[in-house]
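Comments concern the structure below.
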4 protein chains.
Amino acid sequence: MPLPRSGPVRSEAARLSILEATAALIAERGYDHLTMEGIAARAGVGKQTIYRWWPSKGAVTAECLFEGMLVPGRFQLPHTGDVRRDLASWLGEIFGYLGSEQGESILRSLIGAAAENADVGRRLRDALFRADSLSARLTAAIGTTSNLPPDAPVEELAEALIGAVLLRALSREPVAPGDAERLLDAVLGR
Amino acid sequence: MPLPRSGPVRSEAARLSILEATAALIAERGYDHLTMEGIAARAGVGKQTIYRWWPSKGAVTAECLFEGMLVPGRFQLPHTGDVRRDLASWLGEIFGYLGSEQGESILRSLIGAAAENADVGRRLRDALFRADSLSARLTAAIGTTSNLPPDAPVEELAEALIGAVLLRALSREPVAPGDAERLLDAVLGR
Amino acid sequence: MPLPRSGPVRSEAARLSILEATAALIAERGYDHLTMEGIAARAGVGKQTIYRWWPSKGAVTAECLFEGMLVPGRFQLPHTGDVRRDLASWLGEIFGYLGSEQGESILRSLIGAAAENADVGRRLRDALFRADSLSARLTAAIGTTSNLPPDAPVEELAEALIGAVLLRALSREPVAPGDAERLLDAVLGR
Amino acid sequence: MPLPRSGPVRSEAARLSILEATAALIAERGYDHLTMEGIAARAGVGKQTIYRWWPSKGAVTAECLFEGMLVPGRFQLPHTGDVRRDLASWLGEIFGYLGSEQGESILRSLIGAAAENADVGRRLRDALFRADSLSARLTAAIGTTSNLPPDAPVEELAEALIGAVLLRALSREPVAPGDAERLLDAVLGR
DNA sequence: ATATAACCGAGACGGTACGTCACGTCTTCAC
DNA sequence: GTGAAGACGTGACGTACCGTCTCGGTTATAT
């Protein structure tokens with residue numbers, strides 16, 4: 001089923017088809033095993049159409065990530081007023097995703113992609129985990145709900161939280177029920 | 001210069017030559033770009049000799065890691081009695097390594113390798129960072145030097161520390177002087 | 001010096017380059033010793049370009065044969081009216097070719113190729129020795145010049161002549177001056 | 001089941017086992033596809049034991065041939081007094097062998113072996129088809145049963161007969177009932 | 001209204017690396 | 001000192017993808 005043609009302007013249909021094919025292939029077989037030819041075939045698109053707009057499969061992956069096609073957009077900090085509870089809920093959701101076989105595999109794939117492609121690395125940080133808003137929220141919480149001292153290194157706190165998630169994905173250790181809370185206790189104090 | 005033959009037993013010379021070639025190639029060009037043919041050529045060895053003993057380049061890399069050929073063995077916790085100071089010194093050394101272009105690249109390569117190979121992931125955790133002894137030391141430190149409560153989740157603390165290092169490597173952000181201390185402050189409190 | 005590209009249609013330049021390389025390599029080193037990689041390298045072509053169009057080196061060889069690149073097209077029956085003299089001249093030329101070291105080696109190579117590849121066998125018969133026209137001519141000669149009875153089994157006569165040539169090539173016995181005539185005498189009578 | 005050892009003299013058991021394995025493998029899969037490792041494994045013998053006594057698989061094949069393990073010894077000219085009838089019977093047997101799928105394949109294999117190995121070529125001629133005795137018999141028959149002139153080129157007659165058989169094997173054309181007789185008619189006259 | 005030019009699908013091309021097979025050499029050890 | 005076993009360096013196999021390059025066909029825009 002060939003895609004409809006749109007003349008000498010970039011075909012949005014082709015672009016979407018490529019991103020969807022990429023996301024599907026990563027979900028099915030992992031970032032390694034992802035090939036340009038596989039994407040083109042799955043998307044019903046010529047290889048040149050991919051190379052015209054992206055320099056590498058890492059770049060396509062990064063755009064997938066940015067479009068929210070790989071990791072659901074749900075990983076957003078809630079905003080109830082109780083920062084500690086918000087963080088717990090957010091981390092809980094992430095660990096839940098990590099607990100599913102699908103999620104663990106995709107996340108691991110993305111780590112691999114990030115390791116060899118700087119763009120993916122950046123996207124993985126801010127588009128996926130919204131690290132910025134995370135540290136902003138931590139800053140806002142100083143002196144309020146949790147036992148954060150006024151000059152707490154929030155940036156480092158955020159890195160520690162997210163880093164622990166990555167390490168968990170890398171090490172392939174299964175997620176246990178209370179893990180998210182324990183991590184929060186460890187980093188923020190009880 | 002062909003290696004000496006040793007008959008129907010495994011050639012230790014070939015094994016070492018392969019591991020050394022692998023370590024050198026990873027250090028020079030990164031884990032992606034590492035090829036079996038490249039290893040064989042550099043090691044002066046037939047490809048089959050590699051495939052006879054390792055199923056994949058990930059496995060070879062894991063053995064390199066285990067033999068301490070990729071990351072220096074220096075990342076060991078000192079043991080001065082002052083746990084906090086020991087941790088600071090250990091983290092400082094790691095961040096120092098991460099600060100060098102070489103070290104950052106190798107570490108990132110290994111993360112990529114870990115993402116696609118479970119064995120590498122495991123080795124990267126315990127052979128490299130001695131996570132076990134790390135949490136053991138944290139346990140020992142409870143109630144002593146630092147402000148760790150008696151039931152502190154040391155395992156999670158260790159994961160947060162190491163995870164932050166990995167995230168730093170992945171995100172390619174340069175290391176600044178006080179980073180190690182700030183991370184320690186963030187996770188262990190001041 | 002890369003060959004010119006011609007897009008998504010088969011490149012005639014590549015095809016010719018491959019056939020020429022094949023013919024040259026067979027002439028130089030024999031059919032055994034012929035390798036796909038050798039052909040590709042000599043032709044300045046990717047291996048896949050060979051495999052895309054031919055299933056085996058035997059098939060490439062068969063096409064060489066068909067294109068007249070391996071055995072000169074000169075082995076054609078003259079047509080003077082005197083069939084006996086025509087046959088003598090034709091056989092003489094073949095034995096002359098067989099007498100040269102080059103010719104003997106190539107012919108033997110082709111026999112080896114024919115033994116393991118049916119296509120080569122067929123080509124070797126009809127494209128090379130024009131067996132068809134040979135038996136047709138023999139049929140035409142019945143009752144005329146030679147002592148062929150009206151119902152002479154011309155097909156078998158042709159096979160005997162060509163077969164004797166093959167056997168000579170296989171057995172590596174040097175060709176002596178009067179051999180062609182003697183063979184003709186033996187098969188056709190004096 | 002390892003073969004019994006016999007100390008510092010050549011093991012006849014090993015030699016026979018190798019030849020039998022070779023003959024079986026050629027019969028099963030053809031001369032190309034025959035491998036030294038396959039022979040060794042099938043014979044329950046170390047590779048070195050083969051290389052110690054034969055320089056190539058062609059040589060092993062030649063010895064098989066010489067021992068009558070590949071082509072049945074039945075292809076011998078009968079000796080009834082009627083040379084024409086003897087030849088007819090002999091050729092008939094050969095064509096019968098050639099008519100079986102097994103026989104056609106083995107013979108073709110041997111031609112391939114002969115094409116790349118001089119020794120096999122020689123053996124194939126005299127050990128297999130007893131060409132010597134054939135031309136001797138033809139000589140003896142001069143002036144007797146058939147219409148051979150006194151100075152008939154018997155050597156060439158023999159070559160034509162055998163050559164026709166080889167060509168038939170090479171060209172993979174099925175054998176029809178009267179073929180042997182027709183060939184004899186063609187070459188010797190009616 | 002028509003040419004022009006960018007885009008599209010398809011896929012052939014010269015390459016690199018894959019993982020496997022077999023080669024012929026060599027070494028160990030049991031008999 | 002022969003023979004089974006099998007590791008070794010070498011080299012070819014046939015396959016998968018790479019990134020580049022036409023090709024023929026569409027279609028929006030600039031003449």
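In what follows, chains carry the letters A, B, and so on, assigned in the order in which the sequence lines appear, proteins first and then strands, with residues in each chain numbered from 1.
- Per the geometry, CG belonging to D:Leu34 stands 8 Å off P belonging to E:dC23, to the nearest Å.
- Within the 4.0 Å cut-off from OP1 or OP2 of F:dG3, at least one side-chain nitrogen or oxygen of D:Arg52 is found.
- The separation between A:Tyr51 atom OH and E:dG9 atom P is 15 Å, rounded to whole Å.
- For the pair C:Thr49 and E:dA12, the criterion of a side-chain N or O lying under 4.0 Å from OP1 or OP2 is not met.
- Between the side chain of D:Ser109 and the backbone N or O of D:Gly30 there is no donor-acceptor pair closer than 3.5 Å.
- Between the CZ atom of A:Arg29 and the P atom of F:dA16 there is a distance of 12 Å, given to the nearest Å.
- Nearest heavy-atom pair, C:Thr61 versus C:Lys57, reported as atom, atom and distance to 0.1 Å: OG1-O, 2.8 Å.
- As a whole-Å value, the separation of D:Ile39 CD1 from F:dA4 C1' is 16 Å.
- Between the NZ atom of A:Lys57 and the P atom of F:dG19 there is a distance of 9 Å, given to the nearest Å.
- With D:Ser17 contributing its side chain and D:Ala43 its backbone, the two residues share a donor-acceptor pair below 3.5 Å.
- With a 6.0 Å cutoff to the six-membered ring centre and a 45° limit on the axis angle, A:Arg10 counts as a cation-pi contact of A:Trp53.
- Two residues, A:Gly38 and C:Glu37, neighbour DNA chain F, and the one matched to the more 5' nucleotide by heavy-atom proximity is C:Glu37.
- For A:Trp53 and E:dC8, the shortest distance from a side-chain N or O to OP1 or OP2 is below 4.0 Å.
- Evaluation of atom-type donor-acceptor distances gives a pair under 3.5 Å for the side chain of D:Lys47 against the base of E:dG24.
- You'll find that the side chain of A:Thr35 is closest to F:dC18, out of F:dA4, E:dC18, F:dC18.
- Across the protein-nucleic acid pair, D:Ile50 atom CD1 and F:dG6 atom P stand 15 Å apart, rounded to whole Å.
- Rounding to whole angstrom units, CD of residue C:Gln48 and C1' of F:dT20 are separated by 16 Å.
- For D:Met36 and E:dT25, the CE to C1' distance is 13 Å, given to the nearest whole Å.
- Pairing each heavy atom of A:Ile39 with each of A:Ala21, the nearest pair is O-CB, 3.9 Å.
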